[in-house]
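Structure first, then comments.
Side chains are part of it too, since the values below use all heavy atoms of this structure and drop only hydrogens, waters and symmetry mates.
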Amino acid sequence: MSDVKKVVLAYSGGLDTSVIVKWLQEEYDCEVVTFTADIGQGEEVEPARAKAEALGVKEIYIEDLREEFVRDYVYPMFRANTIYEGEYLLGTSIARPLIAKRLIEIANQTGADAISHGATGKGNDQVRFELGAYALKPGVKVIAPWREWDLNSREKLMAYCEQHDIPVDFSSQQKKSPYSMDANLLHISYEGGNLEDPWIEAEEDMWRWSVSPEEAPDKPTYVELTFDKGDIVAIDGVPMRPHDVLSKLNQMGGDNGIGRLDIVENRYVGMKSRGCYETPGGTIMLKAHRAIESLTLDREEAHLKDELMPKYAEVIYNGYWWSPERRALQAAIDETQTNVSGVVRVKLYKGSATVAGRKSDASLFDESIATFEDDAGAYDQKDAEGFIKLNALRLRIAAGKGRQQG
């Protein structure tokens, strides 16, 4: 362990990572640099500075990464309409590559030999952090305390704090949620506690960002979202930066009971895990993006995107954001967004987000052809006969040879 002189730790200021600071100092006899990112988790990050200082940390990085997070990670992901296993909007997954990138950048700036994180050995996050780190700095050493120490319970962590004089905010600890939670501008997740039994319904007071659909207003809320090349650039005609867009949609969606999800997902490390998520803004964004694409994308282009999406979602979920396959998929996805511009009107009502209108100067919808009224010769219906017969040719040949279908 003596080869590690300095390590950069992803530091939240909470119990686990505070213990990790002292543990790294004791076990590795090294200098610890802390990095705390504000990616919209809804809690003050500046108090982490005083906590790190109390632990003897000299180099402390606290950064507001909200705009970069949404602009460079969330928005590119939503251009693909990304959903993992049909439901999960990847709120935790998409934050990890940004944190990994900054860990490596800070390691380079400070001359650190290693990076460290507080992810456990059972979860996906250890994979995501470390795949990103190795992709960006192949020779970096990664220290994952949860895979090394025996402090595998809250009681042992608290005892370690007492033994090493680590200050703990006991008032907040006593009010600690029974759930393991992770939050950023895209979502908040809940795991553990009663949720470890997939049959038990989540308690109503667990949810933090949204009212229940039953308690949502009886009058719907309408919102108009302006897209430019696949990204939302304005709400109700008011231009906004990406992170402000998502923050506003989180508030509007949460007020209307939108974005709650309860799933059992397949983790990359092999186990199934039950989790609950609130993604109000993302739920609205996905619905609206598909709506503007329905007007502006060619049929085969849209269908190809839908075929690529599950692979793209798996790549992100499993932690391969910095991989060549993700970059290749992203290039293809971004190429499809050239004409995905226009306005979508969404109706928010008691837990649902439904499209109430869409328009675009780049629309491929031709009313003169699609109409049920007289189309003045824009579409010759007789052409359909030959089209159908040609497409039925192989079926007719097979049936003629006595091959029964179905």
Side-chain angles (χ1 to χ4, degrees), residues 1-39 41 45-65 68-69 92 95-152 156-161 163-168 182 184 269 319 321-322:
M1 295 184 180
S2 60
D3 60 330
V4 176
K5 303 301 182 186
K6 183 183 287 191
V7 58
V8 182
L9 169 67
Y11 181 65
S12 70
L15 174 64
D16 292 10
T17 52
S18 292
V19 169
I20 289 173
V21 171
K22 180 59 70 173
W23 184 86
L24 289 169
Q25 293 168 338
E26 294 280 327
E27 295 296 319
Y28 281 83
D29 190 24
C30 66
E31 182 181 350
V32 178
V33 178
T34 59
F35 162 56
T36 305
D38 180 0
I39 49 176
Q41 54 265 51
V45 295
E46 192 58 36
R49 186 183 305 279
K51 293 179 180 180
E53 288 174 345
L55 290 164
V57 177
K58 304 296 187 219
E59 293 181 272
I60 300 169
Y61 289 77
I62 297 178
E63 300 175 352
D64 183 347
L65 301 179
E68 182 180 359
F69 173 53
T92 298
R96 298 330 189 197
L98 171 57
I99 294 173
K101 179 176 79 80
R102 285 302 295 142
L103 282 171
I104 294 301
E105 289 173 345
I106 293 170
N108 290 336
Q109 291 170 22
T110 60
D113 316 289
I115 64 165
S116 183
H117 60 76
T120 74
K122 286 188 175 182
N124 294 310
D125 282 341
Q126 58 178 335
V127 182
R128 295 165 182 154
F129 283 134
E130 294 176 35
L131 286 177
Y134 290 132
L136 298 169
K137 190 178 178 67
V140 70
K141 180 176 177 59
V142 178
I143 302 173
W146 281 96
R147 301 201 299 253
E148 297 185 26
W149 66 21
D150 61 354
L151 305 175
N152 52 11
K156 289 183 177 180
L157 290 172
M158 296 296 288
Y160 187 93
C161 288
Q163 179 184 352
H164 292 85
D165 295 322
I166 300 172
V168 176
D182 179 79
N184 58 52
V269 294
W321 177 267
W322 298 106

Exercise. Stepwise, does the side chain to side chain contact (heavy atoms under 4.5 Å, CB included) test hold for W149 with I20?
Worked result: CA-CA 10 Å; W149 66 21; I20 289 173; 3.5 Å; yes

Exercise. Is the backbone of D38 close enough, under 3.5 Å, to the side chain of Q41 for a donor and an acceptor to pair up by distance?
Worked result: no

Exercise. Given H117, which of F129, Y11, W146 fulfils the ring-ring contact (aromatic ring centres under 6.0 Å, His included) condition?
Worked result: F129

Exercise. Is it the case that more than 12 heavy atoms not belonging to K156 sit under 6.0 Å from its NZ atom?
Worked result: yes

Exercise. Under 3.5 Å, is there a donor-acceptor pair between the side chain of Q126 and the main chain of G121?
Worked result: yes

Problem set entry | Euclidean distance, W23 CH2 relative to I166 CD1, rounded to 0.5 Å | 12.5 Å

Problem set entry | Spacing of CZ belonging to R96 relative to CG belonging to L131, to within rounding of 0.5 Å | 13.5 Å

Problem set entry | Atom pair CD (E63) and CG (L98), whose distance is rounded to the nearest 0.5 Å | 9.0 Å

For this session: Looking only at non-hydrogen atoms, find the nearest pair between G14 and S12 and report the distance.
Result: N-OG, 3.1 Å

Exercise. If we only count heavy atoms from C-beta on, is the S18 to C161 side-chain gap below 4.5 Å?
Worked result: no

Exercise. Once you round to the nearest 0.5 Å, how far does OG1 of T34 lie from CG of L9?
Worked result: 7.0 Å

For this session: Output yes when a side-chain donor or acceptor of Q25 lies under 3.5 Å from a complementary backbone atom of L55, and no otherwise.
Result: yes

Exercise. So how far is it from D113 CG to E31 CD, rounded to the nearest 0.5 Å?
Worked result: 10.0 Å

For this session: Could you walk me through whether K22 and D165 pass side chain to side chain contact (heavy atoms under 4.5 Å, CB included), step by step?
Result: CA-CA 10 Å; K22 180 59 70 173; D165 295 322; over 6 Å; no

For this session: Please name the pair of heavy atoms, one in A10 and one in T17, separated by the smallest distance, quoted to 0.1 Å.
Result: O-CG2, 3.6 Å

Seminar exercise, completed: In terms of heavy-atom contacts, I115 and A133 come closest through CD1-CB, 3.5 Å

Seminar exercise, completed: Between I39 and A95 the two heavy atoms that sit nearest each other are CD1-CB, 3.8 Å

Problem set entry | Derivation and outcome, side chain to side chain contact (heavy atoms under 4.5 Å, CB included), residues K122 and V269 | CA-CA 7 Å; K122 286 188 175 182; V269 294; 5.8 Å; no

Problem set entry | The single option from T36, L103, V33 passing side chain to side chain contact (heavy atoms under 4.5 Å, CB included) against Y61 | V33

For this session: Kindly indicate, with the supporting measurements, whether the criterion side chain to side chain contact (heavy atoms under 4.5 Å, CB included) is fulfilled by K101 and L65.
Result: CA-CA 12 Å; K101 179 176 79 80; L65 301 179; over 6 Å; no

Problem set entry | Residue pair V4 / V7: nearest heavy atoms and the distance that separates them | CG1-CB, 4.4 Å

Exercise. Say you draw a straight line from CD1 of I143 to CD of E148; how long is it, rounded to the nearest 0.5 Å?
Worked result: 6.5 Å

